[in-house]
Amino acid sequence: MSIVSFERRGRVGLILVNNPPVNAISHAVRAGIVECLERASSDDGAHVLVLAATGRTFMAGADITEFGKPPKAPHFADVIAALEASDKPMIAAIHGSALGGGLELALACHYRIARADAVLGLPEVNLGIIPGAEGTQRLPRLAGLETALQMITSGKPIPAAKALEAGVLDAVSPVDADLVEAALAYGERLVDEKAQPRRISEMTIPANDAQSALFAEWREKVAKSARGIKAPLRAIDAVEAAATLPFAEGIKREREIFAECAADPQSKAMQHAFFAERKASRLPDVGRDIKPRSFAHIGVVGGGTMGCGIALACAAAGLTITLIEQSDEAADKAKGTVTSILDASHARGRINDAAHQKQKDAITIKTDMAALKDADLIIEAVFENMDVKKSVFRELDRVAKKGAILATNTSYLDVDEIAASTSRPADVLGLHFFSPAHIMKLLEIVRGRETALDVLATALAFGKAIRKVAVVARVCYGFIGNRMLEGYVREAGLLMLEGAKPEQIDAAIRAFGYPMGPLQVLDLAGLDIGHMLRSQFPADRFDPHAYRVISRLVEQGRKGQKTGAGIYGYEKGNRAPIPDPLTARITREEAEKAGIKQRTITDEEIVERCILPLINEGARILEEGVAVRASDIDVVYLYGYGFPRWRGGPMFYANQLGLKHVRERILHYQAQQGPRWWTPAPLIEKLAKEGKGFDD
Ligand code: T1G
């Protein structure tokens with residue numbers, strides 16, 4: 001079937017796009033639509049035309065793989081113009097996701113019908129750009145400024161029902177009806193009614209003096225939510241042009257702003273992130289021919305925060321869960337946790353009544369491991385201690401059915417050692433969730449030495465089913481994310497001893513683009529977590545001074561927000577960190593003991609000292625084969641640790657800095673701090689010498 005086809009059905013011409021998997025609007029699609037439009041307009045038997053797409057979705061946007069390449073005619077503007085100029089009424093028939101350029105093509109049509117489960121959106125800001133096919137000019141004219149500003153600055157799609165209400169759609173067809181048939185019938189009706197083309201570009205936005213206040217309010221709101229990303233604010237400028245300029249000038253303005261955003265490094269980073277996330281689930285040795293095992297029935301061992309979060313994530317994906325706790329009391333507590341989270345989600349309107357009940361019913365809590373005998377995939381989420389985990393796995397080995405997959409949620413411990421405590425190491429791997437497990441998107445899949453390929457394929461399919469972003473790591477201390485985190489936390493601790501106040505460190509890292517600085521995060525997660533973990537390893541494994549302040553705070557019961565005080569103080573019921581004189585005193589004492597002179601430290605040094613160790617450790621992870629590719633490391637940091645998406649991730653950021661520069665700066669800190677933590681990874685030495693980046 002050609003990429004765009006035309007056929008006449010009754011008195012209606014049907015233009016069908018067929019460019020799997022998401023009907024991305026490539027050059028061939030653009031040329032095909034223009035060519036079919038010419039054929040349709042000269043077919044006298046076709047009085048109304050329908051533009052639709054095959055497969056799982058209407059056009060989901062421009063073909064992002066063409067970005068950065070010289071654009072080839074017909075350009076988007078040519079296709080948009082041809083559609084809107086058609087003197088035969090054009091109907092867009094939407095199913096799946098009409099996104100970006102896809103929705104913009106639909107707006108160039110004169111009428112729009114969608115299947116009830118379709119979504120419509122302009123997500124370009126997620127790629128660091130703004131809609132570039134006149135969407136910023138047509139959507140406000142059709143749906144009003146508020147709806148347009150909300151959709152374009154958030155990048156979030158809206159469901160068909162809402163789009164109908166907002167005037168973006170003219171009709172919605174039932175999910176089980178054939179959309180094309182519904183669109184053709186709609187076309188026949190328009191023929192009977194002698195309907196005329198309705199061109200949005202000819203509509204105007206009624207000027208009113210409240211507009212400048214509206215744009216000012218939106219600029220203030222978006223400046224906060226955009227967290228350093230420029231595109232959402234630039235999108236407001238483009239929408240404002242729709243309200244203040246004639247259409248022809250408005251699209252010129254849109255094009256200028258689009259070009260500025262497209263040229264900005266932010267958009268390169270965010271497009272990198274888009275593809276990196278999808279690449280991460282591809283393993284060189286796990287082809288699509290490897291069939292995943294079933295995972296309909298999930299077992300969870302441990303009903304603490306993690307266990308309940310994992311159970312909830314599975315319930316939200318429609319899976320059945322049996323959760324095991326050790327006692328009736330612990331089981332009741334777990335039931336309470338799960339119920340209160342679902343009730344809160346329901347109260348906030350996140351889930352409807354049916355989903356609320358269904359997800360509650362999906363989770364059965366028991367106290368006998370034998371209840372897991374039919375589970376397909378069992379996830380252990382008990383206390384982070386090797387002996388405890390081994391005893392759980394020995395029992396699972398006895399109870400679980402043949403072919404069941406046994407996964408540990410450990411954050412650090414050796415998955416191979418855990419696997420060796422069972423008779424089925426090929427069925428064992430790590431599924432490292434991030435807390436809270438029902439919210440955080442990242443899932444580190446830790447493949448053991450013996451993990452079978454179909455077990456990996458199952459884990460990848462499971463990750464997609466529960467809407468996680470999965471990255472595969474091999475076994476090492478801390479896998480990818482936590483292993484890199486160690487250097488980040490160590491340097492924050494040393495910077496405190498050397499004279500940078502906690503609030504300066506956190507502010508510098510927030511200015512770099514993180515939502516929270518390292519010390520705020522430690523107070524949020526609990527200072528005792530890392531403290532307890534480090535105590536399980538020989539002391540000389542860690543820097544002798546970096547954690548002294550934290551250790552003393554923990555010894556005084558100051559474990560962070562959960563105890564009302566940690567590195568910072570907190571007022572009751574308020575999470576805002578308050579610089580604390582006790583921490584300052586302990587820091588001075590520990591600096592003196594360590595013979596560390598306090599000095600004024602620049603924000604630039606803080607950023608380099610915290611970020612370069614991520615890059616250096618990431619390079620080691622790459623050269624050891626713990627991560628398959630550099631972009632996987634970026635995905636871990638974007639989805640699990642708050643690294644700013646508009647910087648693409650630590651490895652993408654390093655490529656943009658240049659590895660020669662990265663090496664030089666590491667050597668600069670080697671001179672200041674010594675070689676133990678500041679020796680460039682061999683891969684950085686090699687690539688810097690060759691003038692290459694991590695992806696070369
Ligand atoms: N271009 C090229 N490839 C794309 C693509 C796109 N727009 N969208 C998805 N793919 C690939 C993706 O890499 C993956 O490839 C496969 O399709 C399935 O995707 C002019 C300039 C549509 C909601 O931002 O949000 O229009 O890994 O795994 O989970 O103003 O894809 O199989 O080889 O994500 O079912 C605006 C981006 C572009 C939409 C489907 N549009 N895509 O999700 O599948 S800019 C977007 C998505 C633009 C105009 C501007 C999602 C999806 P592979 P998937 P999914």
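Just follow the structure's listing: the first ligand is 1, and inside any ligand the first atom is 1.
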Q: Do you know the tightest heavy-atom contact between Ile200 and Arg138?
A: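 Smallest heavy-atom distance, with atoms named: CG2-O, 3.5 Å.
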Q: So, Arg645 versus Tyr639: side-chain donor-acceptor pair below 3.5 Å or not?
A: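 There is such a pair (donor and acceptor under 3.5 Å, judged by atom type) between the side chains of Arg645 and Tyr639.
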Q: If we only consider heavy atoms of Lys464, is any one of them less than 4.0 Å away from an atom in ligand 1?
A: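 It does; at least one heavy atom falls under 4.0 Å.
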Q: Is a salt bridge present between Glu66 and Arg30, judged by a nitrogen-to-oxygen distance below 4.0 Å?
A: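 Yes, Glu66 and Arg30 are salt-bridged.
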Q: Looking at atom 34 (O) of ligand 1, would you say a protein heavy atom lies below 4.0 Å from it?
A: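 Given the 4.0 Å limit, the answer for atom 34 (O) of ligand 1 is yes, a protein heavy atom qualifies.
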Q: Does this structure show an ion pair linking Glu256 with Arg253, if we count only N-O contacts that are shorter than 4.0 Å?
A: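 So Glu256 pairs with Arg253 through a salt bridge.
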Q: Do the side chains of Ile33 and Leu105 get nearer than 4.5 Å, heavy atoms only?
A: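 Yes, close enough: below the 4.5 Å cut-off.
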Q: Please tell me if atom 11 (C) of ligand 1 is touched by the protein, where touching means a protein heavy-atom distance below 4.0 Å.
A: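 Answer no: nothing from the protein, no heavy atom, is under 4.0 Å.
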Q: Checking the N or O distance criterion of under 3.5 Å, is ligand 1 in contact with Arg288?
A: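 The answer is no, given that Arg288 and ligand 1 share no N or O pair closer than 3.5 Å.
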Q: My question is simple, although I want it checked carefully: is atom 26 (O) of ligand 1 less than 4.0 angstrom from any protein heavy atom?
A: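 Within 4.0 Å of atom 26 (O) of ligand 1, protein heavy atoms are found.
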Q: May I ask whether Gly135 places a heavy atom under 4.0 Å from ligand 1?
A: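 It does not; every heavy atom stays at 4.0 Å or beyond.
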Q: Hey, does Gly132 come in under 3.5 Å of ligand 1, counting only N/O atoms on both sides?
A: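 So ligand 1 has an N or O lying under 3.5 Å from an N or O of Gly132.
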Q: Below 4.0 Å from any atom of ligand 1, is there a heavy atom belonging to Glu66?
A: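 Contact check Glu66 vs ligand 1: negative.
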Q: For atom 43 (O) of ligand 1, what is the nearest protein heavy atom, given as residue, atom name and distance?
A: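 It is Arg56 NH1, 4.8 Å.
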